[in-house]
Every structure is written in C-alpha cells, then in structure tokens.
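What you see is a predicted model, and the numbers here were worked out from it, not measured in a lab. Side chains are part of it too, since the values below use all heavy atoms of this structure and drop only hydrogens, waters and symmetry mates. Here is the naming used below: chain letters follow the sequence lines, and residue numbers restart at 1 for every chain.
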Amino acid sequence: MLDVRNISFLPLFSNLSFSLAQREILLIHGTNGAGKSTLLRMIAGLIQPPPGTIFWKGKRIQLSTYQQNLLYSGHSLGLHPEALLKDQVNLWHYHYRVEKKAIEEALHIWGVAPLVNQKTQHLSQGQQKRLSLSRLHWLARPLWILDEPHTNLDSEGRKIFEDSLAHHIENEGLILLASHEKRPEIREICL
Amino acid sequence: MKFTLAKPRYFLKVTNFLFPIALVLGALCFAAGLYSALITSPPDYQQGDAMRIMYIHVPASWMALFCYGILAVFSLFVVVWRHPFAEILAISVAPIGALFTVLSLVTGSLWGKPMWGTYWVWDARLTSVLVLLFLYGGYWALYKAYAHSAQGIRAASLLAIIGVINLPIIKGSVDWWNTLHQPASLTKFGSPSIHPSMLLPLGLMTAAYGFYFLVLFIIRARTELNKRKLLVQEGLS
Amino acid sequence: MKPKQQRFLIIFMGLVGLGIAIFLVSIAFRDNLVFFYTPSDLSQKKIHPEQRLRVGGLVEKNSLRQHGQKVTFHITDHAKVLKVNYTGLLPDLFREGQGVVVEGHLSEPSTFQAEAVLAKHDENYMPKEVADRLKEKGLWRDDR
Amino acid sequence: MISRELYNAYLHKGNLSSTFTFFALALFCASLTLGPNEIFLRQSAPGLIWILAILTIFFSTPLLLKREAQCGLLDEILLHPSLTSTYLLSKVMAEYLFIGLPLAVMSFLLSPLFALSSGETLSLLLTLLIGFPALSALGILGSLLTLNTQGGGLLLSLIILPLTLPLLIFGLSVMEMTQLGLDSFPSFCLLMGSSLFLLILSVTAGSWALPFAAER
C-alpha cells in the first residue's frame, strides 16, 4: 500500500526505503534526535522538499489527496488551549466534518468525557494525550502515523491504545509507529 | 541540505578571472569620473557648484535599487529552488546594498542643505531611498533572528521577494504624498532634465560604482563561502 | 470540492482581485487631480473663512513687499489676482515670476493669510548660460 | 474551514481585551500629551490613530499564532485538504471581525479626544475599515515569518511596517483632502486598490510561509 524509496534528510538519515502492506505495523525506533519525528513528518507530507519518492497504492502521492487518508499524531497534540471539551468537539466537527456524536462516543471510550467544564490547558498531560488520541476512534483513516503515542499514558490509557491498534489492524489498517519501547513481534527499523 | 560544490567551484573559477579586471577598471572609471565631475563639467544654472554632489548621490541610489533587485533574484533561488549556494550570494549582496543606500541618503541630505535650506526634506526620491534602507534593515534583522541560518535565510528571502513586489507601490505612494505636500510649482517644458554635458561624468561614476560593487561582492561571497566550508569541516553546520 | 478546483478558484479570485486593484488605481489617475485651488477657482467657490485651503499660482512680478518677517505678494493665474500676506522665512527658491503654493485660510474674500509657503525645487540640472538662452527664445515657460 | 476559524477566534476572545485596552490607553495618552491646541490635535489625529491601530494589530497577531503553533494546530491545518490560502483568508476574516471592527468602532468613539469634526471622523472610520483586512493579512504574514524566533511583535513591526506605507499614506491623504475641502475620491480609490493588492499579496506569501513556519 505505502512504499517509500530512498528518502534522505542529510545529517540524520540517507536513502531510506521501506514499504508497508495492509494490516501491518512498522515500528521506528532509535535514540533521541535520530530523526524519528522528522521521518514521520516527511511521510505525513508536513516537511518540504516534496516527498517525491513516496507511493500510495502504487501511485506517486499528490499531497492534498494523499493526506486525506492519513492520521498524524505528533508530539504537539493539536488541541486548542482555550477550548472547553464541547468547544474542542465543535472545532473538530467543523475541521474534519465528522459527526459530533462519533466524537463524543470516542471520548467515552477514552474516558475523557466527564471532563466537561475544564479548559484543555488545565487538563493534565495524560488527559490531554487521551483527548488527542481519541481521534484514533472518530477519524476513520487507513494510514496511522503515530509519534511516540505512549508518552504520559497510564496503564488504562495504554490498554485502550493497544485495543485500538489491534482493532485498526483487523480492518486493513496500516500503522507507522515511532517509539522507544521495543516490541518483539513487530517489524522495526532502527535509525 | 547537501552542500552542492558544483556551483561554488564554478563561481570561484569565474571570480578569480573577474576580480583583477573589475578592480582595475573600477579604479580607472572612478578617477576619470571624479575628474570630469568635479573639474570639467559646468555648474548648474540654479544651484551653482552645489549640484556636483549629484554625481555621488544619483549613482548611489541607482546602485542601492540595483542591489535590492539582485537580492530579490537570489532570494527567488533560495525560496523556490532551495539552492544552498544562492544563500551565500544573497547574504553577501544585502550589506553592500545597505551601504549604497546609506551613502545615497547622506549625500542626498548634504545636497539638500544648499538647495532647500534644510538637511532633510520629504522629497519623493529621498523618502523612497529611506524606505529602501528600512527594507534592508528588516531583511537583515529577520535573517539574524533565526537560530539556524538555513531557516533564517528562507524567511528573509521571502521578505525580500515581498519587498521587491511592493517597491513600485511604495514609491508610488511616496510620490503621491509628495505631490500632496509639495506640489510641483514649476512646469518642465521640453528641455531635458539633465543636460548632456553632465551625462558623461554621471555615466562614468555609475560604471565606477558598478565595478566597486562587483569587487566588494566577490570578496564577501568568498569569505562567506570559506566560512561555510570551515563550518562543514568541523561538522557544526 | 476537489482540491484542484479549489486551487483554480483561489487563483482566479486572486487575479480578479488584482484586476480590480489596478482598475481602482487607474480611476484615481484618470480625472484631473486637484491639489490646490487657483485664484480664479477661489472667486467662484463660496468658502467659509476658517476652512483651511491651499492656493497655487505664479508670483506676480514686482508685487513682493518685504519688511522684516512680514511678507506680502500677489498670486495670479493670468485671470484673477490674490493678495497673500505671510509672516516667516521664504524658501530660497522663491522668486518673482516663478510658481508657488501657499497653505492657509482666506481672512477676507480677496486676501489670503498664509501659514506655509511651499516652493518645490525643480528637477532641472542645466548650466546657467543654457537656461538664459532658452528664456530668450521663450522656450522656458515658468507659469503654471 | 471558515466556520472553524471563526469559532477558533471566538475561543481566543479572552486575551483580546488586552489588545483593546492597549489601543484605548495609547489613544488617550496621545491626545493628553499632545496638548490642548485644537488645530494641531486635529491635524495630527488621523496619523496617530492609524499608526496606533497598526501597532496594536502587529503586537496582538503574533501572540495568537505563536500559541496555536505550539499546540500543533498548524500541523492540523497543513493536513487539511483545503488550501492554506483559504485558511489564511478565513483567519483574516476572523481577525477582521474580532480585532478590526472593534478597533475601528473604538477609534470612532474616541475621536472626540482629538476634536475631529463629524465629516473627518466618518472618513477616518471608512479608511480604517478599508485598510484593516490588508493590515490583518500583513500581520498574519509577519507573524508566520517570525514564528520560530524570539522577536515577537517587535520584529514583526520592524519587517512589515515599510510594507504598510501605502495604506498609511493613502489613508491619511483621504483624511487630509477632506480637511482641505478638496475632492478625496482619487486617494480613496488608491487606498482601496493598494489595500486589495496587499491583501492578495500577503495571503499568497502566507501560503508559502505557513509550511515553513510549521517546521521547527
């Protein structure tokens, strides 16, 4: 589905190639500053030069259409600091044209629904991470690009996250994961 | 950013050849220009000898504009084709342009004293040269504001391109403002604004400025290049 | 809406905007621009006294009376004449027979109390002899 | 996208109050310190109000954008299928509604501080309303360029003020023409033309600057 041929970003990595089939997870791990985030941002099309060497479904990617079937969750969570929960839901609704009901359901799954009357900036890091990761449920995108999703997630949060990974893999999803935790059973690239 | 050595080596070869020629021709033009400007050309009918400052002032403002144009072209290379060597060329042009702008401003205001009685007059040309100086200042401030020069040059180049597109409008608005506050009370009728006998020294001085720019530009570009090579070798870049 | 259509629409709107901008600018320069009144305009227009005005015209030959700081002269546009009194330094390019623009207000219908006298330098750089010769041939017209 | 942006700006209304108080305070101090001489006050008022309005915008826009960038909202914008220029246009509209209009209304209400006649106040309001979209667009462009620097509002004004000169000059010439009783229509057209041109230029330049600003 997705294959990347000799992408390079000089000081960090050069002509790196890999491919990702459906129902497959790829783990990218390496020391801090090894370029994991840069690689992920490049594949998500956030960094120019235009990733001419990325192919989606065999065709060279066209940024605006390609980005419609990917979900990117990076270090910065993409939450509005001043927004209450309902404001955040509205914002996502306007931005992604997703049904509010679906978003609220996802919030329940991630256990952040009760935090109604608090602004995002007053939530703890863990709660904010859960709120941000709730998009895994309400945003139906085949390709997931997750940059260190495990940070400040507690055990319960981690469990929810693992379930969503497994769930996504079942229905033909692809996942690109950057994290420090080694997982024996998953294919990995070391930067 | 991979450091393409193709362009710089070519540049070094050309400049080795160009540098001495520019130096010699520049000196010659300068001497001839000064001689004809100060001694042989006649005084002006209204301002007498004070008008000779024009031979320094006018070429300086032309060069200031010319440098900004070159800066914009190099910035285009930096922004659109992301060419690393254009970064060095752009950085070496900017200060020279600023130098010419300051020179033009100083001689302009010195010239104002005999002509209008004050050092600074909101004359359309003087004001637009002042705006040009602010554009250069903005460019340099933005370039220096970034930690990494690679990021800095891209932001500054975008600013330079926007600046060059805006130049005609700013010049237009300054002219408009000027006609509002100092409407031309005299009408020009047919006679050329500059008499041929004064064109020769003006041309010579402009050529001298051109070579001077070339010499200065080559020196700056090479020092910048060596600085970059040093950085790359020490792996700091 | 497919992104390609959107891109085309945005570019189209941009070009239309530019067209309008250029059109607007051209309107401004098309009709004759009035920067100052001439003495004859003043006589027709009804102007209430403390309205600030700007009048331009030619300084009438030997109409200049100067005693200390107080200066009086006449401005004419070959049709009407306006008496101007002004206290302060005259710019050194101010000469009889050459154009001038004054700013101030009309104290009475025929006299103008000037607060500022503007004489813009002209951009001609020409040797003295050439200028004089041109004047004899009448090529050099000084009036407005 | 536009509704998202309006909602977004609506959320930021908290710290907008500091912008308005800054503008009102600056106007008040200016008229106080310029002294009671009416004629001088009336002549200097338009320029002063314009400059203060520009500075208010140029100091408030970077704060909003810097906060949004830190929270990763810029990445979200880049990932959105629609063009960055539509985002910028909606941002300019949101800013026009939340900052532009209130500032224009405030300067209208505060114009008695400068003893402006009714005709002049009206044309002041009109010129501000026409100039503001371009000012917000320039402000956003500037804050995108200075996002990853420590410069903030100061650096932004330093690099963008020369570009606002046409707006300033044409806006003020409309005011001056009305004061002198001359016909101000040509200056008015020039103001509208340059405002439109600057708006288009800064939106297109902004669409280049946005991906650059999102890279840290």
Side-chain angles (χ1 to χ4, degrees), chain A residues 9 33 37-38 40-51 62-98 100 119-121 123 125 128-129 131-132 135 139 141 143-145 147, chain D residues 1-19 60 62-91 93-95 98-99 144 147-148 205-216:
Chain A
F9 190 79
S37 311
T38 326
L40 286 188
R41 284 174 74 91
M42 255 185 158
I43 296 175
L46 289 174
I47 295 185
Q48 266 73 11
Q62 224 278 336
L63 259 191
S64 43
T65 44
Y66 163 65
Q67 280 175 338
Q68 272 179 336
N69 35 42
L70 73 85
L71 179 148
Y72 174 80
S73 157
H75 289 297
S76 45
L77 304 173
L79 304 172
H80 196 295
E82 303 271 336
L84 295 169
L85 206 60
K86 66 172 175 44
D87 302 325
Q88 190 63 57
V89 170
N90 287 338
L91 267 178
W92 279 336
H93 168 64
Y94 291 130
H95 191 80
Y96 292 98
R97 290 190 193 80
V98 167
K100 286 191 185 154
K119 282 195 178 171
T120 324
Q121 58 196 4
L123 297 175
Q125 281 293 344
Q128 285 184 16
K129 188 69 176 177
L131 185 58
S132 164
R135 69 185 72 206
L139 191 56
R141 295 279 172 87
L143 173 63
W144 284 5
I145 301 179
D147 200 345
Chain D
M1 179 53 97
I2 294 166
S3 42
R4 175 197 181 284
E5 213 36 58
L6 293 181
Y7 199 92
N8 188 349
Y10 158 74
L11 288 178
H12 271 299
K13 64 187 181 316
N15 49 32
L16 284 188
S17 54
S18 60
T19 330
S60 62
L63 302 179
L64 300 177
L65 263 174
K66 202 176 263 270
R67 233 173 135 191
E68 274 184 21
Q70 265 145 17
C71 307
L73 294 174
L74 282 190
D75 291 348
E76 218 178 42
I77 303 291
L78 282 171
L79 290 171
H80 195 273
S82 73
L83 290 168
T84 43
S85 29
T86 40
Y87 162 71
L88 286 168
L89 271 177
S90 44
K91 193 109 181 85
M93 218 184 334
E95 203 153 304
F98 280 91
I99 297 181
L144 282 176
L147 202 61
N148 300 326
S207 58
W208 284 335
L210 194 71
F212 163 73
E215 272 164 45
R216 229 174 328 281

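- Under the rule for a salt bridge (Lys or Arg N to Asp or Glu O under 4.0 Å), Arg141(A) has no partner lying at least two apart in sequence or in another chain.
- Side-chain contact between Leu78(D) and Gln67(A) is absent, with no heavy atoms from C-beta onward closer than 4.5 Å.
- Screening Arg67(D), Glu68(D), Gln70(D) for a side chain to side chain contact (heavy atoms under 4.5 Å, CB included) involving Pro81(A) leaves a single residue, Arg67(D).
- One distance of note links CD of Glu76(D) with OH of Tyr96(A); it measures 3.5 Å at 0.5 Å rounding.
- Put simply, CG on Leu46(A) and CD1 on Ile77(D) are 12.0 Å apart, with the number rounded to the nearest 0.5 Å.
- When the side chain to side chain contact (heavy atoms under 4.5 Å, CB included) test is applied to Thr120(A), the partners found at least two apart in sequence or on another chain are Leu79(A), Ala83(A), Gln88(A), Leu123(A), Gln128(A), Leu131(A).
- Interatomic distance, CG of Leu79(D) versus OH of Tyr72(A), reported as 8.5 Å (0.5 Å rounding).
- Contact annotation for Leu84(A): neither backbone nor side-chain heavy atoms come within less than 4.5 Å of a heavy atom of chain D.
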